[in-house]
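These notes concern the structure reproduced below.
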Amino acid sequence: MSVDPMTYEAQFFGFTPQTCMLRIYIAFQDYLFEVMQAVEQVILKKLDGIPECEISPVQIRKCTEKFLCFMKGRFDKLFGKMEQLFLQLILRIPPNILLPEDKSQEVLTYSAEEFQLLHKEIEQLQEKYKTELCTKQAFLAELEEQKIVQAKLKKTLTVFDELENAGRENGTSDFRESLVFLVQNSRKLQNIRENVEKEGKKLKVS
Amino acid sequence: FDEIIVDIATKRKQYPRKILECVIKIIKAKRE
Amino acid sequence: SPALSRVKLLDTMVDTFLQKLVAAGSYQRFTECFKCFSQLQSEMSQRIYDKFVTQLQTSILEEIAEIKAEGNLEAVLNALDALVEEGKDRQEPAWRPSGDPEKDLRSPLLPYFLQQRDTLRRRVQRQEAENRQLAEQVLNGRRQVEELQLQCRARWQAWQALHREQKELLAVLREP
């Protein structure tokens, strides 16, 4: 007969019901023996007080054993019944009852594979999150860099603007045009000078 | 045998909560 | 009756046990066993028997009271009554430890792992959305840098041309 260890009951009570019953059985049995012993002591004492009593202590002991043997037999039978009822009706967790600490067992149940997959998904999500964070850092770094580059480029453009403004303030709205204009004028001047020089030579010669 | 049963039952009662506390700590630490 | 609390049931069972034990060990049985004494001292014999019964009952009931107090049994049994009352609507057998701790631990841990997964999902989604925006900003920034570079190049080339003109002018001016 397989023993029902009643571990679920032990989880709730903190002791096994069988131990509890054993503890009660031993205590009750001890009391039965103790009371029987007390009865025998009292009877022997009473007999001591009776002069020329023919009943010997051995006889009384035999009577005690006879009564105790009978009582023990009935005691064991009755206790067996009581134990059965105790284990069925009092110290048992009914099969449809779940202990509070196990409530979660009813809510969600995952197979080992599902649990594994969940773990895998969590790890993947963690990796993905890390990647996204790195991406964010990279973007922020580039944005920072862009700010610097743009500032430099804008500064360069400002320099050009300031140059042109300087020109403008001195009457040359457009440097290039004015230079072209200068070059043309210079050429004209040179031509004029050449002509003047030629004329001068002619005059000398004549 | 009885002691083993009580020992196992006690662990079944207490350990899930203890393990849960550790797991929650780990998850929180990972999150941080 | 099912309405009877476990504590009441326990007391009733112990009382019944005692009644039956005393009924079995009746005074008649007692005098049969202690025939010589009870014939000699019947009155005394009756008193001793009564004392025997009283003492046995008192001892056993005191023991039960002690066990109840020691294991806080009344509160524990009342708590069990409450659990049974709470779960009375469900008929099918409830979960029980499988003997495989790892398997049994999955369910208590599951809600926390599911929560962790959901949190991570939300964070990844949030971060992806943020990164999409950042990517947009980076692309815009690149376009702006490119634009500025073009502008600078154009201005630079204009000055380069200017420089050439200037050289040309110098050359012209310097011509003998």
Side-chain angles (χ1 to χ4, degrees), chain A residues 8 13 24 27-28 31-32 35 39 42-43 46 55 59 63 66-67 70-71 74-75 78 82 85-86 89-90 94-98 102 104-106 108-110 115 118 121-122 125-126 128-129 132-133 135-136 139 142-143 146 149-150 153-154 156-157 160 175-176 179-180 182-183 186-187, chain C residues 6 9-10 13 17 20-21 24-25 29-30 33-34 36-37 41 44 48 52 55-56 59-60 63 67 76 83-84 87 90-91 93-96 106-108 110-111 113 116-117 120-121 123-124 127-128 130-131 134-135 137-138 141 144-145 148-149 151-152 155 162 165-166 168-169 172-173:
Chain A
Y8 208 53
F13 290 110
I24 294 173
F28 282 15
Y31 289 127
L32 179 61
V35 173
V39 163
V42 168
I43 289 174
K46 292 300 170 203
I55 304 172
Q59 271 178 286
C63 299
K66 186 179 171 191
F67 186 65
F70 170 77
M71 288 298 280
R74 299 311 297 262
F75 172 94
L78 287 168
M82 182 171 77
L85 290 172
F86 258 62
L89 301 175
I90 297 179
N96 65 323
I97 297 301
L98 195 63
D102 293 329
S104 60
Q105 298 294 347
E106 295 289 292
L108 280 162
T109 49
Y110 260 39
F115 206 73
L118 175 61
E121 186 181 355
I122 287 173
L125 284 168
Q126 262 159 357
K128 189 153 178 43
Y129 187 54
E132 289 301 326
L133 281 180
T135 309
K136 173 185 175 181
F139 280 149
E142 175 159 348
L143 287 173
Q146 284 179 0
V149 169
Q150 285 179 16
L153 289 169
K154 281 174 182 163
T156 308
L157 287 174
F160 283 124
F175 265 106
R176 181 110 194 280
L179 255 183
V180 168
L182 266 177
V183 169
S186 312
R187 278 212 177 88
Chain C
R6 278 173 170 73
L9 203 50
L10 184 150
M13 281 188 200
F17 167 78
K20 294 194 173 206
L21 187 64
R29 177 77 64 183
F30 182 78
C33 294
F34 287 92
C36 50
F37 177 73
Q41 297 266 329
M44 174 54 71
I48 291 172
F52 160 74
Q55 189 56 46
L56 187 61
S59 304
I60 282 180
E63 177 63 21
I67 288 175
V76 171
L83 272 180
V84 171
R90 72 167 298 151
Q91 296 314 317
W95 175 88
R96 284 293 182 268
R106 278 204 290 267
S107 293
L110 200 51
F113 284 129
Q116 187 193 16
R117 179 198 62 186
L120 276 168
R121 273 180 179 168
R123 289 207 175 179
V124 166
Q127 197 54 61
E128 282 173 339
E130 186 185 346
N131 283 353
L134 285 174
Q137 287 176 36
V138 164
Q144 282 171 26
V145 165
L148 287 169
Q149 275 171 334
Q151 285 180 35
C152 284
R155 305 288 285 272
L162 204 62
E165 307 293 347
Q166 190 197 23
E168 202 176 325
L169 174 65
V172 167
L173 289 177

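These values consider heavy atoms only, across backbone and side chains, with no hydrogens, waters or symmetry-generated copies. Naming: A, B, ... by sequence-line order, numbering from 1 per chain.
A distance of 6.0 Å separates CE of M82(A) from CD1 of I24(A), quoted to the nearest 0.5 Å. R6(C) CZ to M13(C) CE: the interatomic distance, rounded to the nearest 0.5 Å, is 10.0 Å. Considering CG of L32(A) and CG of L56(C), their distance stands at 6.0 Å, rounded to 0.5 Å. Atom-to-atom distance recorded for K66(A):NZ and R29(C):CZ is 9.0 Å, nearest 0.5 angstrom. Between the CZ atom in F70(A) and the CZ atom in F30(C) there is a gap of 13.5 Å [rounded to 0.5 Å]. Once rounded to the nearest 0.5 Å, the distance linking CG of L125(A) with CZ of R117(C) reads 8.5 Å.
Chain A forms more heavy-atom pairs under 4.5 Å with one residue of V84(C), L110(C), V145(C) than with any other, namely L110(C). Counting heavy-atom pairs closer than 4.5 Å to chain C, the top residue among T156(A), I122(A), V42(A) is I122(A). For the options V35(A), I90(A), L89(A), heavy-atom pairs under 4.5 Å to chain C are most numerous at I90(A). Of the listed residues D102(A), V39(A), L133(A), N96(A), the one with more heavy-atom pairs under 4.5 angstrom with chain C than any other is N96(A). In terms of non-hydrogen atom pairs under 4.5 Å with chain A, the most contact-rich of M44(C), Q55(C), Q144(C), R90(C) is R90(C). For the options R96(C), K20(C), Q116(C), Q149(C), heavy-atom pairs under 4.5 Å to chain A are most numerous at R96(C). For the set V124(C), L21(C), L10(C), I60(C), the count of heavy-atom pairs under 4.5 angstrom toward chain A peaks at I60(C).
Both the backbone and the side chain of F86(A) have a heavy atom closer than 4.5 Å to some heavy atom of chain C. With a 4.5 angstrom heavy-atom cutoff, E130(C) touches chain A only via side-chain atoms. In this structure, chain C has a heavy atom under 4.5 Å from the side chain of E121(A), while its backbone stays farther away. For a residue to count as touching a neighbouring chain, one of its non-hydrogen atoms must lie under 4.5 Å from one of that chain's; by this rule Q150(A) touches chain C with backbone and side chain alike. Heavy atoms of E132(A) lying under 4.5 Å from chain C belong to its backbone as well as its side chain. Heavy atoms of Q151(C) lying under 4.5 Å from chain A belong to its backbone as well as its side chain. Contacts of L78(A) with chain C are made by both backbone and side-chain atoms, with heavy-atom separations under 4.5 Å. Contact annotation for L118(A): only side-chain heavy atoms (C-beta onward) come within less than 4.5 Å of a heavy atom of chain C. Both the backbone and the side chain of K136(A) come within less than 4.5 Å of a heavy atom in chain C.
If you look at F17(C) and F28(A), their ring centroids are closer than 6.0 Å.
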Take F52(C) and F34(C), measure what ring-ring contact (aromatic ring centres under 6.0 Å, His included) needs, and give me the verdict at the end. CA-CA 13 Å; F52(C) 160 74; F34(C) 287 92; 9.0 Å; no
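Of all heavy-atom pairs spanning Y110(A) and F115(A), the tightest one is CD2-N, 3.9 Å.
Side chain of Q146(A) to backbone of V138(C): a donor-acceptor contact under 3.5 angstrom is found.
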